[in-house]
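Below: the structure, in C-alpha cells.
In this text, all values refer to a predicted model and were calculated from it rather than measured experimentally.
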Amino acid sequence: MDAADLIEPFVRMLDTIAAPAAVRAVERGGSADAMWAEVAASGFLDALVGEDAGGAGLPLAVANALWQELGRRAVPLPVGETMIARALLAAAGRPIPDGPVALAVAGQDRRTVVPFGRVAHHVLVESEGRLHLVAAASGDPEATGVTGDLSAVMRWDALPGADAFAAPETGLRALAAVLRAALIAGAADRLVEMTAAYANERIQFGKPIGRQQALQQTMAVMAEDAVAARIASQLGCGGAFPPSLAAAATAKSVAGKAAARIAASAHAVHGAIGISEEHDLQLFTRRLHAWRLADGSESYWNRRLGRLRLASDTGSVDFARAELFPA
C-alpha cells in the first residue's frame, strides 16, 4: 500500500474532528473523549506496533508524515505520543492501556513538564534507563499557567518497578524529539500558508501588503525555515525505530531553531490581529514555542550532537552520511 493511501484517510479524519473550534474547546477544559474515540477507532494508534503484535508495523518515515498532519491541525491530544508508547509496550510484551498516553523523562527532582499531560490518561515515564507506565493522576498534574497550554507539571516521588522495562538504547527523549520535530514541521507549513493568504488579502495603501518587498523577503525566509524543519524531521525519521541519537538531535535542533523564527515572522506579518484569541494564528505559534522547548531545546541537542561528532574518528561528511543516511 502506498503511504498516500494511509495519509489521506488520516487527514480526512483530522479535518472532521480537529477543526479550530474543537481545538479551542479542549484547551478551555472541554472533554476530548469524542475526539479521542474517533482517533482510537481509526486504528492509526497502532501504526508503529509490529505486525506480530497486531499492529501495522509502519516505518518511522510514514509515521513522520502522519505526525506532520497532527501539527498542521494543532490536534490537542497526544496521538503521536500514544503511537510511540503503544509500540514500545507491545515490543516489551506489556499490556497496552486504552486512552491517550503522554511521554515524560523524569528529572533529577522527579519533576517535569509533560506535553499533553492535562488530557492524557497515562504517562510512559523514563527514569534511570527504565520505562514505567503510570496513571497521569499519579503525577499530581498541575497547570503550567500558560494560556491554552495542555501540558502539565508532574512529579513522581516513586515509580512502580514491577512492570518496568528497559528504555530504548537512545532513550525515550530521542523518540519524543523526532515527534516534536515532525509536529513543528507540520505547524510551520500551516503557518506559511496562513501568512501568505493573509498578506494577499490585507490591503494597505491601496494594495495587498504581500506586494511590499520587505514582507516578501520575510515570507521567503519563513518558507525556507519551514522547508528546513520539514527536511530535518524527515531525516530524523529516515531510519529504524527507535531513531539514532544523531538523527534525533539533528531533527530537533534544526526544527527548534526554525520554530522561533517562523512564529516571529508569522506574527510580524499579521500584526496585532495575530495575537488575538479569536484568530487561529496563535493556536499554532503557541505550539511552536512549546514543542521547541519540549524534550530538549536546540542547545541541548546541539551539545549532544557535538559530543557524538567529537567521539567519532571519521570526517564530518562521513559522520553525517553514516548517521543520517544509513544504508
Task: Ion pair check, R286 and E27, cut-off under 4.0 Å - done: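 A salt bridge is present here (some side-chain N lies under 4.0 Å from a carboxylate O).
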TODO: Give a yes or no on whether a salt bridge exists between R28 and E277, defined as a side-chain N under 4.0 angstrom from a carboxylate O.
DONE: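 Salt bridge present between R28 and E277.
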Provide the closest heavy-atom pair for [X] versus [Y] in the form atom of the first, atom of the second, distance.
X    : Y    : answer
A251 : G236 : CB-CA, 3.9 Å
V26  : S31  : CG2-O, 4.3 Å
Q282 : T285 : CA-OG1, 3.3 Å
L245 : A174 : CD1-CB, 4.4 Å
G186 : R72  : O-CG, 3.0 Å
P78  : V119 : CD-CG2, 3.9 Å

For the [atom1] atom of [X] and the [atom2] atom of [Y], what is their distance to the nearest 0.5 Å?
X    : Y    : atom1 : atom2 : answer
T195 : L215 : OG1   : CG    : 10.0 Å
S244 : E169 : OG    : CD    : 10.5 Å
I273 : R202 : CD1   : CZ    : 8.5 Å
L172 : S127 : CG    : OG    : 11.5 Å
I184 : K257 : CD1   : NZ    : 14.0 Å
E323 : L235 : CD    : CG    : 12.5 Å

So, do [X] and [Y] sit near enough that their side-chain heavy atoms are less than 4.5 Å apart?
X    : Y    : result
R309 : S316 : yes
V134 : H122 : no
I17  : V39  : yes
R86  : L48  : no
T112 : V114 : yes
M35  : L77  : yes

Does one hydrophobic cluster hold both [X] and [Y], with members joined at side-chain heavy-atom distances below 4.5 Å?
X    : Y    : answer
L70  : M194 : yes
V11  : L183 : yes
L175 : W301 : no
V146 : F116 : no
L88  : L133 : yes

Any sub-3.5 Å donor-acceptor pair from [X]'s side-chain atoms to [Y]'s backbone N or O?
X    : Y    : answer
T218 : A214 : yes
R321 : F319 : no
D318 : T314 : no
S138 : A135 : yes
N64  : L60  : no
T82  : V101 : yes
S265 : I262 : no
K252 : R292 : yes
R130 : A164 : yes
S253 : T250 : yes

Task: D225/V192 under side chain to side chain contact (heavy atoms under 4.5 Å, CB included): CA gap, chis, key distance, verdict - done: CA-CA 10 Å; D225 281 333; V192 169; over 6 Å; no
- [ ] Take S233 and W67 through the test side chain to side chain contact (heavy atoms under 4.5 Å, CB included) and record every step on the way to the result.
- [x] CA-CA 10 Å; S233 77; W67 295 342; over 6 Å; no
Open item on the list: So if I apply the salt bridge (charged side-chain N to carboxylate O under 4.0 Å, His left out) rule between D280 and each of R287, R190, R24, which one comes out positive?
Closed with: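 Among R287, R190, R24, the one meeting salt bridge (charged side-chain N to carboxylate O under 4.0 Å, His left out) with D280 is R24.
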TODO: Anything under 30° is parallel, anything over 60° is perpendicular, the rest tilted; go ahead and classify Y198 against H270.
DONE: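 Because their plane-to-plane angle is under 30°, the rings of Y198 and H270 count as parallel.
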- [ ] Would you sort out whether V125 and W156 count as a side chain to side chain contact (heavy atoms under 4.5 Å, CB included), showing the intermediate values?
- [x] CA-CA 9 Å; V125 186; W156 293 274; 3.8 Å; yes
Open item on the list: Set out, in order, the CA-CA distance, both residues' side-chain angles and the distance that settles side chain to side chain contact (heavy atoms under 4.5 Å, CB included) for L179 and E81, then state yes or no.
Closed with: CA-CA 8 Å; L179 167 62; E81 291 87 341; 3.5 Å; yes
TODO: Assess R73 against F284: is NZ or CZ under 6.0 Å from the centre of the six-membered ring, and within 45 degrees of the ring's axis?
DONE: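 No, R73 and F284 do not form such a contact.
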